[in-house]
Engineer: 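Dropping the structure in here first, questions after.
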Number of protein chains: 2
Amino acid sequence: MNASAKAAAVAPLLHTTPGFETDGRDTCPIREVLDRVGDTWSILVIINLQEQPVRFNALKRSIEGISQRMLTVTLRSLERDGLVTRTVRPTTPPEVEYGLTELGQSIAVPIAALGDWAAANRDQMRCARGTFDAGS
Amino acid sequence: MNASAKAAAVAPLLHTTPGFETDGRDTCPIREVLDRVGDTWSILVIINLQEQPVRFNALKRSIEGISQRMLTVTLRSLERDGLVTRTVRPTTPPEVEYGLTELGQSIAVPIAALGDWAAANRDQMRCARGTFDAGS
DNA sequence: CAGCATCCCAGCTGATACTG
DNA sequence: CAGTATCAGCTGGGATGCTG
């Protein structure tokens, strides 16, 4: 695959081809998805739900620094986008379990890949920052 | 690989093990990386630089909706983190080319994977949102 | 336990104007 | 062409208090 062919393959991600706008304003897919899971907490929530369904407070404990409010807001948003399921068991006290939908499981794959990259390269980024700051 | 083994493999991504904090506050790798490329524009810039180095205004034109200011800010940030290179050719008018470093190329891989997911599943997310909004 | 409502602020971001 | 500088606004997100 040569460079121009690769460019053509990537092009659709960047902005819709003129004439192919799907909803009035032209939006590129990656932008649209980032607008939904690109906030501070969504990706962390998805990673934490990848293994098995988790209850609200357990989730809260496993995500360092998240407030109750933001966990609620984030879960609602992910549920709205069809990435997360919410299951209430009418016990007392109530138990609410959150899990990933199939769609959620599927996005968890590339997200986990990004997580692997993060774990492998965080030090290199820190180092680069130090070098840059020293040189300026 | 069973569930608990997978959980153990993912665990380091979530929060550092007690006693392993590297900089006072404990940070999980994915959080740290998202703090750097998780803003509105970084990922789009990286995708646009993946194929070949691009000059400032060409980049600006290819990223729908980005302002001159935010492109500058984003590029500086990525350069600082060692993901992007900046090459000035002292012509008149000046030409400044931006490209990905090796580190930048490596993060472009999982990012492109996320882009592919976005392209493949955006419609499903839109649909889910419609259903959710109708049901509430 | 699992939320919702309210208040409030920091900072990200866009708009605009100017420069080598 | 490729920036820098300044100003102003919006909204993401924290803090707090209350409910079924």
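Hydrogens, waters and symmetry mates are skipped; everything else that's a heavy atom, side chains included, is used. In what follows, every chain begins at residue 1, and chains take the letters A, B, ... in the order their sequences are listed.
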Engineer: Rounded to whole Å, please give me the gap between CG in B:Leu34 and C1' in D:dG12.
Structural biologist: 15 Å
Engineer: Between C1' on D:dG3 and NZ on B:Lys60, what's the gap in Å once rounded to a whole number?
Structural biologist: 12 Å
Engineer: Hey, what bend do you get for the helix from C:dC1-D:dG20 to C:dG20-D:dC1 if you fit axes on five pairs at each end, rounded to 10°?
Structural biologist: 50°
Engineer: Taking for each residue the nucleotide of DNA chain D bearing the nearest heavy atom, is the 5' side occupied by A:Pro94 or by B:Ala58?
Structural biologist: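 The 5'-side residue here is B:Ala58.
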Engineer: For D:dG14, take OP1 and OP2 only and decide whether either is under 4.0 Å from a side-chain N or O of A:Ser67.
Structural biologist: yes
Engineer: Do any N or O atoms of the protein come closer than 3.5 Å to N or O atoms of nucleotides 3-5 of chain C, and which pairs are they?
Structural biologist:
from: C:dG3; atom 1: OP1; to: A:Arg76; atom 2: NH2; distance (Å): 3.2
from: C:dG3; atom 1: OP1; to: A:Arg86; atom 2: NE; distance (Å): 3.4
from: C:dG3; atom 1: OP1; to: A:Arg86; atom 2: NH2; distance (Å): 2.6
from: C:dG3; atom 1: OP1; to: A:Tyr98; atom 2: OH; distance (Å): 3.3
from: C:dG3; atom 1: OP2; to: A:Tyr98; atom 2: OH; distance (Å): 2.4
from: C:dG3; atom 1: N7; to: A:Gln68; atom 2: OE1; distance (Å): 2.9
from: C:dG3; atom 1: N7; to: A:Gln68; atom 2: NE2; distance (Å): 2.8
from: C:dG3; atom 1: O6; to: A:Gln68; atom 2: OE1; distance (Å): 3.3
from: C:dC4; atom 1: OP1; to: A:Arg76; atom 2: NH2; distance (Å): 3.4

Engineer: Measure the CG-CD distance between A:Leu83 and A:Glu79 for me, rounded to the nearest 0.5 Å.
Structural biologist: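 The CG atom of A:Leu83 sits 10.5 Å away from the CD atom of A:Glu79.
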Engineer: Would you please name every residue forming a side chain to side chain contact (heavy atoms under 4.5 Å, CB included) with A:Val73, sequence neighbours left out?
Structural biologist: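 For A:Val73 the side chain to side chain contact (heavy atoms under 4.5 Å, CB included) partners, ignoring immediate neighbours, are A:Arg69, A:Met70.
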Engineer: Round to a whole Å and report the spacing from CZ of B:Arg89 to P of D:dA2.
Structural biologist: 10 Å
Engineer: From B:Trp41 CH2 over to A:Arg31 CZ, what is the distance, rounded to the nearest 0.5 angstrom?
Structural biologist: 4.0 Å
Engineer: I want to check one thing: is the phosphate of D:dC1, taken as OP1 and OP2, less than 4.0 Å away from some side-chain N or O of B:Arg55?
Structural biologist: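 So the side chain of B:Arg55 is outside the cut-off, no N or O lying under 4.0 Å from OP1 or OP2 of D:dC1.
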Engineer: First locate atom CG of B:Leu49, then atom CD of B:Gln105, and finally report the distance between them rounded to the nearest 0.5 Å.
Structural biologist: 9.0 Å
Engineer: Please name all residues satisfying side chain to side chain contact (heavy atoms under 4.5 Å, CB included) with B:Ala128, sequence neighbours left out, ordered by chain then number.
Structural biologist: none
Engineer: Separation of A:Ile66 atom CD1 from D:dA15 atom P, in whole Å?
Structural biologist: 13 Å
Engineer: Report the distance from atom CD1 of A:Ile46 to atom CD1 of A:Ile111, rounding to the nearest 0.5 Å.
Structural biologist: 4.0 Å
Engineer: Can you name the residues that form a side chain to side chain contact (heavy atoms under 4.5 Å, CB included) with A:Ser106, not counting sequence neighbours?
Structural biologist: A:Leu103, B:Trp117
Engineer: B:Trp41 has an atom CH2; how far is it from atom P of C:dG11, in whole Å?
Structural biologist: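 In whole Å, C:dG11 P and B:Trp41 CH2 are 22 Å from each other.
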Engineer: Round to the nearest Å and state the distance from A:Leu71 atom CG to D:dG12 atom P.
Structural biologist: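 Rounded to the whole Å, the gap is 17 Å.
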Engineer: Considering every strand and a 4.0 Å limit on heavy-atom distances, what is the contact class for B:Thr91: base, sugar-phosphate, or nothing?
Structural biologist: nothing
Engineer: Partners of A:Arg129 by salt bridge (Lys or Arg N to Asp or Glu O under 4.0 Å), sequence neighbours excluded?
Structural biologist: B:Asp81
Engineer: Can you tell me how far the CZ atom of B:Arg89 sits from the CD atom of B:Glu97, to the nearest 0.5 Å?
Structural biologist: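 Nearest 0.5 Å value for the CZ-CD distance: 5.0 Å.
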Engineer: Figure out the CG/P separation between B:Leu59 and D:dG3, and round it to whole Å.
Structural biologist: 10 Å
Engineer: In whole Å, I'd like the distance from the CG atom of A:Asp35 to the C1' atom of D:dG12.
Structural biologist: 13 Å
